[in-house]
Amino acid sequence: MDKSATHHPTVAHPHVEHAHEELGFWRTYVFSVDHKWIGIQYAVTGLLFLLFGFTLMMLMRWQLAYPGRPIPLIGGLFGQDKAPGGIMLPEFYNQLGAMHGTIMVFMGVVPLAVGGFGNFVLPLQIGAPDMAFPKINMMSYWAYFLGGVTMLASFFMPGGAAQSGWTSYPPLSVINQGQQTMWLIGMMFLITSSLLGSLNFITTTVQLRAKGLSWMRLPFFVWAQFVTSFLLLLAFPPLEAAGILQLMDKVAGTSFFMPSGLVVSNRIVTSMTGIAQGSVASGGGNPLLWQHLFWFLAHPEVYVLILPAMGIVSEIIANNTRKPLWGYRALVYSLVFLGFMSFIVWAHHMFMTGMGTTMSAFFQTTTMIISIPSVVILTALLMSLVGASIRFTTPMLFALAFLPMFGIGGLTGLPLGLAPSDIHLHDTYYVIGHFHYVVAPGTIFALFGGVYYWFPKATGRKMNDLLGQLHFWGSLVAINLVFFPMFIEGLAGMNRRMYDGGAQFAHTKSVLYWNVVQGYAAWALGLFQLFFIVNFFMSIKWGKAVDRNPWEATTLEWAAPSPPPHGNFLTEPIAYRAPYEYSVPGAAKDFTPQFEPERA
Amino acid sequence: MNIPYTVEERPDTGLANGKLGIWLFLASEVMLFGALFSTYIILRVGATEWPHGELNIPLGAINTVILISSSVTMVMAWASLKMNEWGKHRLYLLATFVLAAVFLVNKYFEYSAHFATGEGPWHSTFLAIYFTMTGLHGLHILGGMIVMAYFLGPGAKLWKTNPDQFANRIEYTGLYWHFVDLVWIFLFPVLYLL
């Protein structure tokens, strides 16, 4: 990709024209301000973190399938403080669990979906030469990078990584031995990164739309990124505040989240700080306060995970059904409403905290309301398929799988959103199954689809179709074998975050064998990702070379050369029509791009 | 390659990029301090007793006056640019910078008085929220001072090549500065008086 980015024949002309702007290696590939390269940096880093987070999970799956048995082959690598004799310690299991969640959400999916796809595709789709603030864009990536390094470094520090789950509930997170402080500092970097990114996305969308590209002509993907950016901009700061408060509890001996007279292991908890070592913590804090601040971010965060995926799926579906999206306006209004509602549903994560029935009633009502726009979006996408002669390309397979997978994830969420049924299901594997269906075969499938779909735009080459199909079908089967049994386990009452996978409880005996099945399925899932990895790197060099519009698509990014040069478009792009004018009656071909002028 | 609307306004939105950007940034800052103020309310409502008279009200009041004055000088620094009076602009911007520095010096005396008696943030929930909120606000003051120092120093060159863009940058700095001011105007009564 490196070579072709600067020496591709279609780029030759502007390359010569801007010869005086020639940038060195560092400015081109490391500290680049080009939105496309930053997008690729984000995407590749995000994919690496996804792989790393998945590796942590494969280790955990071994422990769940075979509790207390030494990890084969690599068990000796973890050292005495993590896995003596290759047998995983509970503390190490907790580190893996906490970091799996943190890495997948904050360093894998969001950077790939928003930082990667948003950065690469959004300015192209609105016909802009770059983001509104290219330098801030670069800083956003490097803040993310530093956050990632901080999180990874915490594994190698005394006490190991954070151990209190990705939710980091106090008082446990404040008093445990892991590097919670590093987790908090890492989160500060990630929050800074998403703040810089989101204000850039919003400004770019508002200010840099091409001539003729009115709001109702925006591709749905742009709308999705736009709404997502507002969620990031407004929901992350409360978590930053909460992070500052927890950091104060960790290092300055405050008691924001520490109740008075907290007793752990028969001892009154003392101040954590070196300044007042040994003195009793002043107390008066409120552990629920953290949960409120955390979920005020983390519920909108769920929509940060899913909305860009819906955007990607919409683009792929419109392109491969050769039809306009069904109900474009309804989709847009639902999306905006969804974004707004996501700010007032957070406490449905807290039905079990004893916050009171009035609160529960309010939040279960808003939760039921928010399911309506989600269903509208899913229905509109399903209706788009009706009567279409579908092209089953690799990206389309992923997009098609997204619909039922996200459907399962969404529908299984309803019993969790209602307080009475949540009491039974709370903190069981049912919850894990529910949100993984949304994020893994839902969002991550959409992201894979997006990679296959826009890869030709980024590199000028298509990814291999056969490897893509193998990747898809293998992943689809394996991932369902991992996550579907979780519903069965959860309904049987198996709790999440159990070091031994629930073996200590009599009532889970009948479902324990699923842990072994899930283990094999997870490792198989890992193997099937090799097809993607090989395909990705092989296609950069040897993929089938394509022109600027290989999918015969209609949106503006396909007007730019593949790969687009610095500044993107050779001539100023103008939007003449709505984004998805496929199969227009009377037209010569089955797609009429936004950038094609009306014939006189 | 030039990004459109960095200096001039886009006709249909009536905004330059930076103006929208700084307002979005301030929106997220509102959420940050909003969360901290909510924290204050929740902790105070849940407390059995709440200390009074622990803070130096005269010093806090002086600091309030200082910050409001600095907001005025900040506006003047921008207005002078619009009237093309470079000398006045330098003077007003420098005055804003000095007022901000005086604010932090006063804050230093307040903090050190607490630490001298061993009553840091670990002492009570009240002092914990006091130190956290004023500390974060102080960091915002410091950030503003760094930006002003930049425009007093190397950043001032832009005035020669692109006066409109420079005036815009001072305007955005001013918007940020008024916000930092506004936060203090909430902090002072909430922490010192109530």
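Remember, predicted model here, so these are calculated numbers, not experimental data.
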Subject >> Neighbour count above 12 (heavy atom, 6.0 Å) for B:Lys82 NZ >> reply: yes
**OP:** Could you grab the distance from atom CH2 of B:Trp122 to atom CG of A:Asp249, nearest 0.5 Å is fine?
**Re:** 14.0 Å
Original post:
Does the side chain of A:Phe256 come within less than 4.5 Å of B:Thr132's, by heavy atoms?
Top reply: yes
Original post:
Should we count CG of B:Asn2 as having more than 12 external heavy atoms under 6.0 Å?
Top reply: no
Subject >> Closest contact, heavy atoms only, A:Leu208 versus B:Pro4 >> reply: CD2-O, 3.6 Å
Subject >> Closest approach of A:Phe230 to B:Leu24 (non-hydrogen atoms, all atoms of both residues) >> reply: CE2-CD2, 4.3 Å
Original post:
Would you say B:Leu32 and A:Pro238 make side-chain contact, with heavy atoms under 4.5 Å?
Top reply: no
Subject >> Within-4.5 Å side-chain heavy-atom neighbours: B:Leu127 and A:Thr254 >> reply: no
Subject >> Pair A:Leu245-B:Leu36, side-chain contact (heavy atoms from CB on, under 4.5 Å): steps then yes or no >> reply: CA-CA 9 Å; A:Leu245 299 177; B:Leu36 289 173; 3.9 Å; yes
Original post:
Does any heavy atom of chain B fall under 4.5 Å from the side chain of A:Phe236, the backbone, both, or neither of them?
Top reply: neither
Original post:
What option among B:Leu136, B:Thr6, B:Ile129 has the most heavy-atom pairs under 4.5 Å with chain A?
Top reply: B:Ile129
**OP:** Tell me, for A:Ile244 versus chain B, whether the close heavy atoms (under 4.5 Å) come from the side chain, the backbone, both or neither.
**Re:** side chain
**OP:** Look up atom CG in B:Leu20 and atom CG in A:Leu199, then write down how far apart they are to the nearest 0.5 Å.
**Re:** 8.5 Å
Subject >> Distance (rounded to the nearest 0.5 Å) between B:Met31 CE and A:Leu239 CG >> reply: 12.0 Å
Subject >> Side-chain touch B:Thr13/A:Arg209, heavy atoms, less than 4.5 angstrom >> reply: yes
**OP:** Name the region of B:Ala47, side chain, backbone, both or neither, that has any atom closer than 4.5 Å to a heavy atom of chain A.
**Re:** neither
Subject >> B:Phe115 atom CZ: more than 12 heavy-atom contacts under 6.0 Å >> reply: yes
Original post:
In terms of heavy-atom pairs under 4.5 Å with chain B, which of A:Ala132, A:Gly567, A:Ala128 leads?
Top reply: A:Ala132
Subject >> Heavy-atom closest contact (A:Asn286 atom, B:Ile42 atom, distance) >> reply: ND2-CG2, 3.6 Å
Original post:
Short question: side chain of A:Gln207, backbone of B:Leu15 - any donor-acceptor pair under 3.5 Å?
Top reply: yes
Original post:
Which atoms form the tightest heavy-atom contact between B:Ala35 and A:Leu293, and what is the distance?
Top reply: CB-CD2, 3.9 Å
Subject >> Which atom of A:Leu195 lies closest to which atom of B:Ser28, heavy atoms considered >> reply: CD1-OG, 3.1 Å
Subject >> Approximate separation, where rounding is to 0.5 Å, of A:Thr203 OG1 and B:Tyr5 OH >> reply: 14.5 Å
Original post:
Is there side-chain contact between B:Pro121 and A:Met248, with heavy atoms separated by less than 4.5 Å?
Top reply: yes
Original post:
Counting only heavy atoms not in B:Lys107, do more than 12 fall under 6.0 Å of its NZ?
Top reply: yes
